[in-house]
There are 2 protein chains.
Amino acid sequence: MDTSTKAISDILQSKGISPSLHRIKIYQYLMTHRTHPNVDTIYKELVNEIPSLSKTTVYNTVKTLAQKGILLELTIDSTESRYDADIHPHIHFRCTSCGNIYDIEYNLLNIKGLEKLERATIEGHQIHSSHIYLYGICKNCLTRHSKKTQN
Amino acid sequence: MDTSTKAISDILQSKGISPSLHRIKIYQYLMTHRTHPNVDTIYKELVNEIPSLSKTTVYNTVKTLAQKGILLELTIDSTESRYDADIHPHIHFRCTSCGNIYDIEYNLLNIKGLEKLERATIEGHQIHSSHIYLYGICKNCLTRHSKKTQN
DNA sequence: TTCAATGCAAATTTTTTGCAAAGTC
DNA sequence: GACTTTGCAAAAAATTTGCATTGAA
C-alpha cells in the first residue's frame, strides 16, 4: 500500500477531490492508522503537526471522502462516528470491554456468500452497501481477565 | 404476540424491571410499532396519552430495557439511536432515500450460517452479539422514482 | 418510611451552519 | 478575480447528569 503524499494526492484527484494539504494529511493519517478513529482523535493527532487545522475541516474532509466512496463511516458506536480508510469488504468487531475495534476478514467466518450482501436485491429493495458489526470481548481482554481471576 | 398490559408487565418483571406505567407504555409502544423509532418519536407519540412523561424517562427506559436484553439499540443511523422490540436475529435495511428501516429475515438471503455469527469465537475474540445493516433504495422509492421518470 | 422512578433544568458531547478570511488556479 | 477551502464562533441536536420531587411497597 502506497501512502506517499503523491499516491494519496493521486487518489484524491481521481475522485475529483482537490488534494489540499489538510485533506492529504487526514487521509494519510487514516491510511496509516487503521484504528478506526473518530473526528476528535484525528484532530488531536494531527493538530500538532498542522497547527492551523480546525475540527470543522476534519468534519468536512471525512464527509467528503465518505461521500466519494474512499472512506467508510462506521456507526459501530452509538455516540460517535468512526472512520476507516480500508474500504474492501470486511467486518468490524468492537470489544465492549476495551473499546478497540478489530477488522475481521470475511473468510475467517465459515459463511459463504457474505460479500453478495452488497449489490443484492432483496424483496424488491436495492442494496448498495452493508455493514456488519460484531460485539463481544476481545482476545486481549479475555486473557487479561483470566489472569486477574487466577491471582 | 401478546401486547396486553399484563403480558408486558410480566415480561418486565421476569427481567427484574419493576413494571411502572411509563415503562409498560414505552415497551408496549415499541412492541406494537415496529418502525424502529428514536427517542424523540417515542416521546412525541406517547406524551399526549401520558402528559407527565418526560424525555429523560424515555432515555432511562430504553437504556434499561436494552441492558436487560429485551430491546435492541440500532446504530443504523449515524445521528441517533433507534430501538427495536423485536429481538429475534434479523437484519435491518435502511432506505437512504426515504429513511425507512425494514426488517429482513435471514432466510431471505441465500447465506447459510449467518445466525452463527453471534456466539462465535473468531481469532480468540468472543462474540456476544451482532448487527447487520444494509443500505440502499427501498422498493417503494424505486417505484416512485421510475414513475416520475416515466412521465 | 424507605427506596426506586421520574421530571426538570443544566451540562455535555457530537455535529452542523453561517460567514468571513485565506488560499488556489 | 473567481472559486474553493478553511477557521471560528455560534447553533443545533442527541444524550447525560444532578438533584429535588413523586410514587409505590
Side-chain angles (χ1 to χ4, degrees), chain A residues 5 8-9 12-13 15-29 36-68 70-83 99 101, chain B residues 5 8-9 11-13 15-29 36-68 70-83 94 99 101:
Chain A
T5 302
I8 302 266
S9 178
L12 294 179
Q13 275 182 316
K15 294 289 176 179
I17 307 162
S18 74
S20 70
L21 170 74
H22 289 184
R23 284 170 176 167
I24 290 171
K25 288 289 184 188
I26 290 168
Y27 190 42
Q28 204 164 38
Y29 177 81
H36 320 88
N38 60 12
V39 163
D40 198 56
T41 302
I42 300 169
Y43 171 74
K44 284 181 177 154
E45 290 279 304
L46 288 177
V47 72
N48 290 322
E49 191 186 342
I50 319 165
S52 70
L53 184 66
S54 85
K55 212 179 266 189
T56 301
T57 297
V58 180
Y59 274 108
N60 288 337
T61 301
V62 293
K63 181 185 272 188
T64 302
L65 300 188
Q67 276 170 352
K68 295 291 184 175
I70 58 173
L71 200 60
L72 288 183
E73 181 183 10
L74 308 182
T75 61
I76 196 167
D77 258 309
S78 66
T79 51
E80 63 195 0
S81 286
R82 291 168 164 274
Y83 296 91
I101 296 175
Chain B
T5 301
I8 303 265
S9 178
I11 294 173
L12 294 179
Q13 274 182 318
K15 294 290 174 178
I17 307 163
S18 75
S20 69
L21 170 73
H22 290 184
R23 285 169 174 167
I24 290 171
K25 287 290 183 186
I26 291 168
Y27 190 43
Q28 205 164 36
Y29 177 80
H36 320 88
N38 60 15
V39 164
D40 198 55
T41 301
I42 300 169
Y43 171 72
K44 284 181 178 154
E45 290 279 305
L46 289 177
V47 73
N48 290 323
E49 190 186 343
I50 319 164
S52 70
L53 184 65
S54 84
K55 213 180 266 189
T56 301
T57 297
V58 181
Y59 274 107
N60 288 339
T61 301
V62 294
K63 181 185 271 187
T64 302
L65 300 189
Q67 277 171 353
K68 296 291 184 176
I70 58 172
L71 200 57
L72 288 182
E73 181 184 11
L74 308 183
T75 61
I76 197 168
D77 258 308
S78 66
T79 50
E80 63 194 1
S81 287
R82 291 168 164 275
Y83 296 90
R94 204 191 81 214
I101 296 175

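Chain A is the first sequence line, chain B the second, and so forth, proteins listed ahead of strands; every chain is numbered from 1.
The two residues Ile76(B) and Arg94(B) have their closest heavy-atom pair at O-NH1, 3.2 Å. The two residues Leu65(A) and Tyr27(A) come nearest to each other via the heavy atoms CD1-CD1, 3.8 Å. Between Ile8(B) and Gln28(B), the shortest heavy-atom distance links the atoms CD1-CA, 3.7 Å. Looking at every heavy atom in both residues, Ile26(B) comes nearest to Leu53(B) through CD1-CD1, 4.4 Å.
Distance CD (Gln13(A)) to C1' (dT4(D)): 14 Å, rounded to an integer number of Å. Computed from coordinates, the Leu12(B) CG to dA4(C) C1' distance equals 15 Å when rounded to whole Å.
For Gln67(A), there are no side-chain hydrogen bond (donor to acceptor under 3.5 Å, both in side chains) partners two or more places apart in sequence or in a different chain. Partners of Ser18(B) by side-chain hydrogen bond (donor to acceptor under 3.5 Å, both in side chains), not counting sequence neighbours, listed by chain and number: Arg23(B).
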Acceptor/donor pairs from residues 42-51 of chain A side chains to any protein atom, 3.5 angstrom cut, sequence neighbours excluded:
residue, atom, partner, partner atom, Å
Lys44(A), NZ, Asp40(A), OD2, 2.8
Glu49(A), OE2, Lys25(A), NZ, 2.9

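Here the side chains of Glu73(B) and Ser78(A) are in contact, with some heavy-atom distance below 4.5 Å. The shortest distance between side-chain heavy atoms of Glu80(A) and Val39(A) does not fall below 4.5 Å.
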Open item on the list: I'd like to compare against my own output: the B/S/- annotation of nucleotides 12-17 of chain D with a strict under-4.0 Å heavy-atom distance to protein.
Closed with: --SBBB
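Of all the residues in residues 18-27 of chain A, Ser18(A), Ser20(A), His22(A), Arg23(A) reach under 4.0 Å from DNA chain D with at least one non-hydrogen atom.
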Under 3.5 Å, which N/O atoms of the protein pair with N/O atoms of nucleotides 19-25 of chain D?
none

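With no hydrogens or angles considered, a side-chain donor-acceptor pair links Asn38(A) and Thr41(A) at under 3.5 Å.
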